[in-house]
Amino acid sequence: MPELPEVETVRNTLKTLIVGKEIRDIDVYYEKMIRNREVDEFKKALIGKKIIDIDRYGKYLIFNFEGTALISHLRMEGKYFFKDLDEKKEKHEHVIFYFTDGKTLRYNDTRKFGTMDLYDINDVYDKSPVSKIGYEPFEKEMTGKYLMDKLSKKSIAIKSALLDQTIIAGLGNIYVDEVLFLSKIHPTLKANSFELADYKRLVKNSVKVLNKAVKLGGTTIRSYTSSLGVTGRFQNELFVHTKQGDSCLVCNTEILKTKVNGRGTYYCPSCQKEL
DNA sequence: GTGACCACCTGGCCGC
DNA sequence: TGCGGCCAGGTGGTCA
């Protein structure tokens with residue numbers, strides 16, 4: 001499932017393929033995917049425009065169509081594929097962008113959770129869904145002090161807090177498990193129960209995990225692949241996520257799986273003490 | 001304001 | 001083999 005590293009991989013792949021191309025037509029097969037516009041309005045806003053750039057913030061992809069921003073969230077299983085015009089439409093292709101040069105960009109989403117919104121490019125960081133999310137771990141504003149302030153009144157589990165995109169942008173279920181393991185923090189402990197040094201460690205390890213995952217093209221678990229079926233390699237670097245029953249690479253204790261707020265959660269009971 | 005829960009979706013897996 | 005039930009999970013909405 002695409003988290004920040006996977007979305008960054010998609011962005012980098014797509015940039016090399018579609019920037020500069022002009023939209024000739026668009027087919028929308030699943031209208032609910034387009035959230036803040038009627039389909040006709042969505043098409044009208046984009047047809048005839050060129051893709052100037054593709055940006056990313058958190059898990060959102062931001063396509064710049066000459067001043068109109070298409071904000072795309074891949075949610076669980078969203079993918080983009082770059083194909084020739086004559087290739088047959090697949091079952092889960094819900095939006096197809098036709099370019100003037102005969103190529104197509106196809107949004108494929110098995111579970112139809114993905115979303116697309118249109119905003120003026122100047123409103124992306126003020127009015128769109130992107131405006132509601134917190135800093136990414138890489139940003140200078142994301143410090144241990146910031147995280148401690150944000151979580152000071154949160155009595156929810158630290159795992160749930162780190163999944164909250166309004167607090168910290170980009171982490172999903174896989175990477176939160178890895179960050180908590182590296183930080184030696186048990187996932188069910190209360191978010192406001194730590195000291196400054198712990199929050200600093202969480203920020204530091206978030207950067208470490210995400211940077212490494214971006215470098216390796218993300219994580220391929222279950223169905224995730226980026227455009228053109230590119231698969232990531234970070235799954236080979238995972239310490240705990242999906243490792244239930246395996247031995248901890250640090251202390252040899254068996255990795256356990258539990259649920260935190262309904263999310264499958266993997267941890268080492270020895271390295272990550274419940275206290 | 002906060003936290004818990006549910007809906008959205010479909011494919012894969014398991015037990016019968 | 002076929003069927004039903006459960007699980008996976010990011011986000012937004014609802015409710016207490």
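Naming: A, B, ... by sequence-line order, numbering from 1 per chain.
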Q: Please report the C-alpha distance between A:H241 and A:E178 in whole Å, then the side-chain angles of each, then the deciding distance to 0.1 Å, and finally whether the side chain to side chain contact (heavy atoms under 4.5 Å, CB included) criterion is met.
A: CA-CA 7 Å; A:H241 194 83; A:E178 295 301 305; 3.6 Å; yes

Q: Applying salt bridge (charged side-chain N to carboxylate O under 4.0 Å, His left out), run through A:K83 and A:E93 and close with a yes or a no.
A: CA-CA 12 Å; A:K83 295 184 175 180; A:E93 289 176 354; 2.8 Å; yes

Q: Using whole Å, report how far CD of A:Q244 lies from P of C:dC7.
A: 14 Å

Q: Please determine if a side-chain N or O atom of A:H92 lies less than 4.0 Å away from the OP1 or OP2 oxygen of B:dC9.
A: no

Q: Over how many whole Å does the gap from A:M76 atom CE to C:dG12 atom P extend?
A: 14 Å

Q: Let's see if you get this right: which residues in residues 147-155 of chain A place a heavy atom under 4.0 Å from DNA chain B?
A: A:K153, A:K154, A:S155

Q: Quick one: A:I174 CD1 to C:dG10 C1', roughly how many Å, whole number?
A: 12 Å

Q: Could you give the NE2-to-P distance, from A:H73 to C:dG12, as a whole number of Å?
A: 7 Å

Q: Under 3.5 Å, is there any donor-acceptor pair linking the side chain of A:R111 to the base of B:dG11?
A: no

Q: Does atom NZ (A:K50) have a neighbourhood of more than 12 heavy atoms from anything else shown, all under 6.0 Å?
A: no

Q: For A:N173 and C:dA8, what is the distance between atoms CG and C1' respectively, to the nearest whole Å?
A: 9 Å

Q: From the options B:dG3, B:dC8, C:dG10, select the nucleotide whose nearest atom is closest to the side chain of A:E3.
A: C:dG10

Q: Between B:dT10 and A:K112, is there an OP1 or OP2 to side-chain N/O distance shorter than 4.0 Å?
A: yes

Q: With a 4.0 Å cut-off on N to O distance, would you call A:R111 and A:E77 a salt bridge?
A: yes

Q: Specify the separation, in whole Å, of atom NZ of A:K259 and atom P of B:dC5.
A: 12 Å

Q: By a strict heavy-atom criterion of less than 4.0 Å, which residues belonging to residues 260-268 of chain A are in contact with DNA chain C?
A: A:R263, A:G264

Q: Just distance, no hydrogens or angles: give the donor-acceptor pairs under 3.5 Å from side chains in residues 202-210 of chain A, sequence neighbours left out.
A:
{"residue": "A:N205", "atom": "ND2", "partner": "A:S183", "partner atom": "OG", "Å": "2.9"}
{"residue": "A:N205", "atom": "ND2", "partner": "A:R201", "partner atom": "O", "Å": "3.1"}
{"residue": "A:S206", "atom": "OG", "partner": "A:L202", "partner atom": "O", "Å": "2.7"}

Q: Go through A:K15 and A:D53 one step at a time and tell me if the salt bridge (charged side-chain N to carboxylate O under 4.0 Å, His left out) criterion holds.
A: CA-CA 7 Å; A:K15 271 189 90 162; A:D53 197 9; 3.2 Å; yes

Q: Examine distances only and state if a side-chain atom of A:N64 and a backbone atom of A:G67 form a donor-acceptor pair shorter than 3.5 Å.
A: yes

Q: Classify A:K91 by what it touches in the nucleic acid, base, sugar-phosphate, or nothing, heavy-atom distance under 4.0 Å.
A: sugar-phosphate

Q: Looking at A:D177 and A:Y266, would you say the former's side chain and the latter's main chain have a donor-acceptor pair under 3.5 Å?
A: yes

Q: Please indicate yes or no: is the ring centre of A:F113 less than 5.5 Å from the centre of the six-membered base ring of B:dC8, with the two planes inclined by under 30 degrees?
A: yes

Q: Heavy atoms under 4.0 Å, any strand shown: does A:K159 hit a base, just sugar-phosphate, or nothing?
A: nothing

Q: Check salt bridge (Lys or Arg N to Asp or Glu O under 4.0 Å) between A:D117 and all other residues, then give those that pass, not counting sequence neighbours.
A: A:R35

Q: Would you list the pairs meeting salt bridge (Lys or Arg N to Asp or Glu O under 4.0 Å) in which at least one residue belongs to residues 18-31 of chain A, sequence neighbours left out?
A: A:K21-A:D101

Q: Taking atom P of C:dG9 as reference, at what distance in whole Å does atom CD of A:E6 sit?
A: 13 Å

Q: Are more than 12 heavy atoms, taken from residues, nucleotides or ligands other than A:E141, located less than 6.0 Å from that residue's CD atom?
A: yes

Q: Counting the atoms with a prime plus P, OP1 and OP2 as sugar-phosphate, which does A:K132 contact under 4.0 Å by heavy atoms, base, sugar-phosphate, or nothing?
A: nothing

Q: Establish, with yes or no, whether the OP1 or OP2 oxygen of C:dT11 is under 4.0 angstrom from a side-chain nitrogen or oxygen of A:Q165.
A: yes

Q: In whole angstrom, give the distance that lies between atom CG of A:D164 and atom P of B:dG1.
A: 14 Å

Q: Check for me whether the distance between the ring centres of A:Y60 and A:H73 falls short of 6.0 Å.
A: yes

Q: Could you give the angle between the helix axes at the two ends of the helix from B:dT2-C:dA16 to B:dC16-C:dG2, with five pairs per end, rounded to 10 degrees?
A: 50°

